[in-house]
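Worksheet: the structure to be examined is printed underneath.
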Amino acid sequence: MNAPTGMPVGLLALQGDYERHEASFRALGCATARVRRPGELARVRSLVIPGGESTTLTRLIDLAGLRGPLLEFARELPVMGTCAGLIMLARELADEAVAIHGVRTLGVLDCAVRRNAYGRQVDSFTAPVALQDAAASPQPFPAVFIRAPRIVSWGRDVEILAEHGGSPVAVRQGRLLGLTFHPELTGDLRLHRLFLGMG
Amino acid sequence: METFWTDPRIDEPFRHKVGLAEMLKGGVIMDVTNAEQAKIAQEAGAVAVMALERIPSDIRKTGGIARMSQPAMIKAIQDAVSIPVMAKVRIGHFAEAQILQVLGVDFIDESEVLTPADNANHIHKHDFKVPFVCGCRNLGEALRRIGEGAAMIRTKGEAGSGDVVEAVTHMREVMTQIRRLTTLREDELMAEAKNLGAPYHLVVATARLGKLPVPNFAAGGIATPADAALMRQLGAETVFVGSGIFASEDPAPRARAIVQASTHFDDPQVLLEVSMDLGEPMRGRAVNEMQESEKLAGRGW
């Protein structure tokens with residue numbers, strides 16, 4: 001599966017803030033297409049799994065028959081996950097009480113994440129983070145963390161692009177990009193541009 | 001890029017509040033009265049739960065003053081699920097809101113479903129770190145609430161009725177008024193702000209965006225997957241389902257079906273499949289047969 005670059009960037013549009021990602025890619029002059037059914041994956045060159053609720057995304061991915069097709073897609077083509085989207089990509093959860101919460105990740109990105117690791121909504125925050133390599137620019141990125149997860153462990157193939165408070169907050173493994181924060185909620189397009197450069 | 005998110009006047013706390021509302025888009029927010037129901041809702045795929053002691057249809061039946069729920073009951077629900085937990089305060093009751101903020105609820109609904117505490121004023125919501133959602137029946141009401149700091153708007157409908165007619169009326173009214181704004185000349189917007197009773201800068205922002213500056217959800221009378229799909233097609237970005245789930249015969253399958261209907265709202269084949277074998281919906285009461293004094297939507301200023 002080798003998609004021509006003329007194809008649009010796909011947004012997994014089951015639930016979450018996919019419209020904000022659409023606006024970001026459009027600002028870069030890039031076409032987008034929404035994906036809700038397995039067949040629609042064949043029409044996009046890469047895929048974004050947006051922020052949202054990971055329990056809801058789990059349920060909707062399985063009910064739409066998307067789990068297998070998403071795994072196959074992520075083996076070949078670029079996928080970016082932000083916040084809940086990162087959780088869906090992760091190898092495993094590091095929550096304290098996983099069993100009752102009904103999240104089943106795709107398991108393609110070699111890291112373990114703890115959900116809501118910074119607390120509840122009143123603990124949401126923005127922090128400047130330095131980007132390694134990514135768009136190699138001296139300006140810190142305004143990272144918006146909303147009920148954000150934390151990456152608590154990661155494998156050797158995982159490259160850390162940014163850290164905050166001693167934990168990775170932006171990681172890359174091959175064609176997979178995982179962010180614990182929300183670049184789509186700012187006007188800063190550097191990480192979307194980086195993703196476009198991944199294929 | 002749309003002006004709202006890149007506008008430097010949007011302060012950081014408000015960005016976080018609207019950010020959470022953005023994350024809830026395309027989902028279903030369900031009313032629950034205990035931890036057991038909250039788990040059923042989460043398992044069904046709810047994006048958030050609204051914790052309250054009585055669902056609106058029971059508030060209608062039992063009468064009396066409806067107030068903020070007991071904090072212990074809300075706490076038990078917070079401990080039971082990982083999704084955001086919302087709770088309601090009376091219109092204008094900022095002390096109830098202060099308590100809920102300390103409790104750590106993720107969203108406060110300043111709601112007409114509870115008995116109003118102030119006959120003229122709503123809460124000044126910019127004072128809080130926790131985001132607020134407020135109801136509206138028209139664009140002027142929506143923009144006044146956003147002016148006070150609401151990070152999410154929901155059309156009111158008629159809570160606890162099981163009748164979707166008022167939800168449709170209010171959503172059509174808001175969307176029609178927004179479409180009208182986009183056809184006006186710049187020099188006509190101040191007069192329109194006066195007509196709407198809405199803050200001028202938000203009238204200008206809405207005219208430019210062609211939509212509300214914060215997410216626009218629907219509530220009040222949604223009882224079936226078809227109701228959810230109807231509201232989504234009319235412009236709602238997410239639906240609240242209050243009495244419609246736990247006042248129905250078999251809540252869990254109905255909750256799952258409404259979650260799928262909100263996502264696949266424009267795919268009638270999926271809507272048909274999820275509408276099969278759901279048991280009886282809530283019985284409900286026709287809004288057109290209610291006395292004016294029984295209606296909740298008129299509360300709010």
Side-chain angles (χ1 to χ4, degrees), chain A residues 13-28 34 36-37 50-64 82-84 93 95-98 100-103 115-116 119-127 142 144-147 181-182 184-189, chain B residues 1-8 12-13 15-28 39 41-48 78-86 101-108 128-131 211 215 237-238 256-257 259-260 262-264 266-267 270 273-274:
Chain A
L14 297 172
Q15 190 274 316
D17 75 331
Y18 49 87
E19 284 178 17
R20 298 260 59 82
H21 282 290
E22 281 174 348
S24 301
F25 287 116
R26 281 193 198 134
L28 289 169
R34 296 184 182 181
R36 292 198 181 112
R37 302 172 188 83
E53 283 302 320
S54 51
T55 47
T56 306
L57 287 172
T58 297
R59 172 70 57 196
L60 289 168
I61 284 171
D62 286 336
L63 287 170
T82 56
C83 198
L93 295 185
D95 288 15
E96 278 151 26
V98 175
I100 59 168
H101 289 320
V103 175
R115 295 182 305 147
N116 302 338
R120 309 195 68 93
Q121 170 62 13
V122 290
D123 306 303
S124 293
F125 63 101
T126 299
V144 178
F145 295 88
I146 294 181
R147 286 170 46 90
F181 56 93
H182 293 283
E184 75 281 10
L185 296 185
T186 66
D188 195 322
L189 301 169
Chain B
M1 200 146 177
E2 287 171 48
T3 53
F4 179 71
W5 286 99
T6 51
D7 188 338
E12 206 170 281
R15 194 180 292 267
H16 297 152
K17 293 174 187 178
V18 179
L20 178 57
E22 292 282 339
M23 299 312 143
L24 302 176
K25 279 187 179 176
V28 180
K39 284 185 204 167
Q42 174 170 271
E43 182 64 24
V47 287
Q78 288 175 316
D79 292 343
V81 295
S82 65
I83 56 178
V85 175
M86 305 184 169
Q101 174 162 276
V102 175
L103 185 60
V105 304
D106 297 293
F107 238 104
I108 293 177
F128 289 79
K129 190 155 192 235
V130 59
K211 57 186 295 197
E237 295 174 302
T238 283
R256 278 198 295 275
V259 166
Q260 283 181 276
S262 181
T263 291
H264 302 284
D266 54 359
D267 187 336
V270 174
E273 286 160 20
V274 305

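From a predicted model like this one, the values you see are computed outputs, not experimental measurements. Every heavy atom of this structure was used, including side-chain atoms; hydrogens, water molecules and symmetry mates were not.
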- Which residue out of A/R147, A/R26, A/H182 racks up the most heavy-atom pairs below 4.5 Å with chain B? A/R147
- Message: Could you walk me through whether B/V130 and A/Q121 satisfy the side-chain contact (heavy atoms from CB on, under 4.5 Å) test, starting with their C-alpha distance in whole Å, then the side-chain angles of each, then the deciding distance to 0.1 Å, before giving a yes or no?
- Response: CA-CA 7 Å; B/V130 59; A/Q121 170 62 13; 5.5 Å; no
Who wins among [options] for the most heavy-atom pairs under 4.5 Å with chain A?
options               : answer
B/P215, B/G27, B/P131 : B/P131
B/P84, B/S262, B/P13  : B/P84
B/V28, B/D267, B/V85  : B/D267

Using every non-hydrogen atom in the two residues, find where [X] and [Y] come nearest and quote the distance to one decimal.
X      : Y      : value
A/T186 : B/R15  : CA-NH1, 4.0 Å
A/E53  : B/I83  : OE1-CG2, 3.7 Å
A/R120 : B/G104 : NE-O, 2.8 Å
A/Q15  : B/K25  : NE2-O, 3.0 Å

With a 4.5 angstrom heavy-atom cut-off, is it the side chain or the backbone of [X] that approaches chain A, or both, or neither?
X     : value
B/Q78 : both
B/A44 : backbone
B/A46 : backbone
B/E12 : side chain

- Message: Are B/E43 and A/R59 packed together at the side-chain level, in the sense that at least one heavy-atom pair is separated by less than 4.5 angstrom?
- Response: yes
- Item | Validation row: A/L63, B/E273 side chains within 4.5 angstrom (heavy atoms) | no
- Query: Is there a donor-acceptor pair closer than 3.5 Å between any side-chain N or O of B/H16 and the backbone N or O of A/T126?
  - Reply: yes
- Side chain, backbone, both or neither: which part of A/V122 has a heavy atom under 4.5 Å from chain B? both
- Item | Portion of A/L14 that has a non-hydrogen atom of chain B nearer than 4.5 angstrom | both
From [X] [atom1] over to [Y] [atom2], what is the distance, rounded to the nearest 0.5 angstrom?
X      : Y      : atom1 : atom2 : answer
A/S124 : B/K17  : OG    : NZ    : 11.5 Å
A/I146 : B/D106 : CD1   : CG    : 11.5 Å
A/L60  : B/H264 : CG    : NE2   : 6.0 Å

- Message: Run the side-chain contact (heavy atoms from CB on, under 4.5 Å) test on B/M23 and A/T56 for me, step by step, so that the C-alpha distance in whole Å, both residues' side-chain angles and the decisive distance to 0.1 Å come before the verdict.
- Response: CA-CA 11 Å; B/M23 299 312 143; A/T56 306; over 6 Å; no
- Chi angles and distances behind the side-chain hydrogen bond (donor to acceptor under 3.5 Å, both in side chains) call for A/R115, B/S82: CA-CA 8 Å; A/R115 295 182 305 147; B/S82 65; 3.2 Å; yes
